[in-house]
Amino acid sequence: MKIRHVTQGVFAPIEDIATATIPPAEGFYWIDAGVDDLEVLQPLFSLHDLAVEDCLSEEEQRPKIEIHEGHYFLVINSIRFDDEEIFLRALNIFLGRHYIITVTKQKINELRTLKPILLEEQVSRPDYFLYHLVDIVVDNYFLVGDRIEARIESLEEDILVHTKKSHLNEIIGLRSEILWLKKVLGPQKELIATLNKKDLKLIDDQLQKYFSDIYENAVKIAETFETYRDLMGNLREAYQSSLANRANEIMRVFTALTTIFMPLTFLTGIYGMNFDYIPLLHLHGGSYVLLTFMLMLGFGMFFIFRKKEWL
């Protein structure tokens, strides 16, 4: 657990947690904690039992905001896209008048990238800290969206050039990830709408207007991933169409080869019959004449098929 006194975006480490329970003359306290630290933090800051229970739960929590006496509890999902797989990590936030507590089970990159922004904006209020944090979390969805779009384009090119069975597994896997993410975006969009519209005493009225910009971005993200879902459907159709075209191409080659060998098989069948009188049968070098004729016939048909683009 790390405790910092934040004034004008400048961080000052605090050693004694009890210090953070008293409102400072200027600035606020940011407590970056893990779930194990809640045992200490709950009695000191009177954190609601249900909020603490949500933090400790192993089940996936939907994005939400809960209003309790003296503090708000928010759950926001941070997003990552590593090794072609989407990861969502819950960011639990307790917002008070003079403090903000962030509780995570894994490291959240947004908390690290937030520090220079707080310094640049000279943040001295916990609600402004919350605004910038939510803004970064939502912006990262755009970055992940760009990587997913690039992956879709790359997959489409691979399918058109050389279709593999593994492509279908990639399409199904990525489509499932996108559908799962779409279900999360709905509640997260509602959370940001609440921060934008609802009368919240712990958030400055002027600041609430800025949440409308984040809400617009959240709507754009939801629409973008809706488009990705449709693209994955088109990609699956392209895969099936490519397989069908490939099968037709193979069948066309086999049909052309069968057609070429039909007259050759016919000729070998005639000379395999048990008759005494067959043209060229008793002629010296007749076999060479027949083989030459068969080769000319085969190559002649092959070039005719190539000219007509049947092969």
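In what follows, residues are counted from 1 in the order of the sequence shown.
Remark: Asn196 CG to Leu191 CG distance equals 11.0 Å, nearest 0.5 Å. Rounding to the nearest 0.5 Å gives a distance of 10.0 Å between NZ of Lys189 and CD1 of Ile192. Within the model, atoms CG of Leu114 and CD1 of Ile136 stand 4.5 Å from one another, a figure rounded to the nearest 0.5 Å. Atom CG of Leu130 is separated from atom CD1 of Ile76 by 6.0 Å, given to the nearest 0.5 angstrom. Once rounded to the nearest 0.5 Å, the distance linking NE2 of His68 with OG of Ser46 reads 12.5 Å. The distance from the CD1 atom of Ile100 to the CD1 atom of Ile31 is 10.5 Å, given to the nearest 0.5 Å.
Proximity of Leu95 to Ile203: side-chain heavy atoms (C-beta onward) are separated by under 4.5 Å at one or more points. Residues Lys115 and Phe11 have side chains in contact (heavy-atom distance under 4.5 Å, counting atoms from C-beta outward). Put simply, the side chain of Lys182 reaches to within 4.5 Å of the side chain of Glu226, judged on heavy atoms. Residues Lys183 and Arg62 form no side-chain contact, since every pair of their non-hydrogen atoms from C-beta on lies 4.5 Å or further apart. Using a 4.5 Å cut-off on side-chain heavy atoms (C-beta onward), Asn92 and Asp54 make no contact. By the 4.5 Å heavy-atom criterion applied to side chains, Leu133 and Leu91 are counted as neighbours. The side-chain heavy atoms of Gln42 and Asp49, taken from C-beta on, include a pair separated by under 4.5 Å. Side-chain atoms of His48 and Glu66, non-hydrogen and from C-beta on, never get closer than 4.5 Å to each other.
Note on Ile221 and Val75: separate hydrophobic clusters, where clusters join Ile, Leu, Val, Met, Phe, Trp and Tyr whose side-chain heavy atoms are under 4.5 Å apart, directly or indirectly. The hydrophobic cluster containing Val138 does not contain Leu143, counting ILVMFWY residues as joined when their side-chain heavy atoms lie under 4.5 angstrom apart, directly or transitively. Under the 4.5 Å side-chain heavy-atom criterion for grouping Ile, Leu, Val, Met, Phe, Trp and Tyr, Ile14 is connected to Leu41 within one hydrophobic cluster. Cluster annotation: Phe45 and Leu56 are assigned to the same hydrophobic cluster (Ile/Leu/Val/Met/Phe/Trp/Tyr, side-chain heavy-atom contacts under 4.5 Å, transitive). A single hydrophobic cluster is seen to contain both Ile108 and Ile214, as judged by linkage of ILVMFWY side chains at heavy-atom distances under 4.5 Å, directly or through other members.
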ask   = Going through the distances and angles, do Leu200 and Ile65 end up as a side-chain contact (heavy atoms from CB on, under 4.5 Å)?
value = CA-CA 11 Å; Leu200 301 173; Ile65 178 171; 4.2 Å; yes
message = Evaluate Arg80 against Asn109 for side-chain contact (heavy atoms from CB on, under 4.5 Å), listing each step before the verdict.
response = CA-CA 9 Å; Arg80 288 183 59 189; Asn109 291 333; 4.3 Å; yes
task = Please lay out, stage by stage, how Phe28 and Tyr99 fare under the test ring-ring contact (aromatic ring centres under 6.0 Å, His included).
result = CA-CA 5 Å; Phe28 65 98; Tyr99 66 86; 9.8 Å; no
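Between Tyr29 and His98, the angle of the ring planes goes over 60°, which puts this pair in the perpendicular group of the 30/60° scheme. Ring planes of Phe94 and Phe73: tilted class, angle from 30 to 60°. A perpendicular orientation is assigned to the rings of Phe225 and Tyr228, their planes being inclined by more than 60° (bins at 30° and 60°).
The two residues Gly96 and Pro126 have their closest heavy-atom pair at O-CG, 3.6 Å. Ile3 approaches Ala20 most closely through the heavy-atom pair CG2-CB, 4.2 Å. Taking each heavy atom of Lys105 and Cys55 in turn, the nearest pair found is CE-O, 3.3 Å.
Formation of a donor-acceptor pair under 3.5 Å by the Thr194 side chain with backbone atoms of Glu190 is found in this model. Formation of a donor-acceptor pair under 3.5 Å by the His5 side chain with backbone atoms of Val10 is not found in this model. Remark: side-chain polar atoms of Asp127 are paired, donor with acceptor, to backbone N or O of Asp204 under 3.5 angstrom. Side-chain atoms of Gln188 come within 3.5 Å of backbone atoms of Asn77 as a donor-acceptor pair (strictly under, hydrogens ignored). For Asp32 (side chain) and Lys2 (main-chain N/O), no donor-acceptor pair under 3.5 Å exists by modelled atom type. In this structure a side-chain-to-backbone donor-acceptor pair under 3.5 Å is present from Ser124 to Gln8. In this structure, the side chain of Tyr72 engages the main chain of Leu202 through a donor-acceptor pair within 3.5 Å.
Other residues, nucleotides and ligands contribute only 12 or fewer heavy atoms inside 6.0 Å of the CZ atom of Phe299. Counting non-hydrogen atoms of neighbouring residues, nucleotides and ligands closer than 6.0 angstrom, the CZ atom of Arg4 exceeds 12 such neighbours.
Applying the side chain to side chain contact (heavy atoms under 4.5 Å, CB included) test between Tyr141 and each of Ile79, Thr224, Asp146, Asn217 identifies Ile79 as the sole match.
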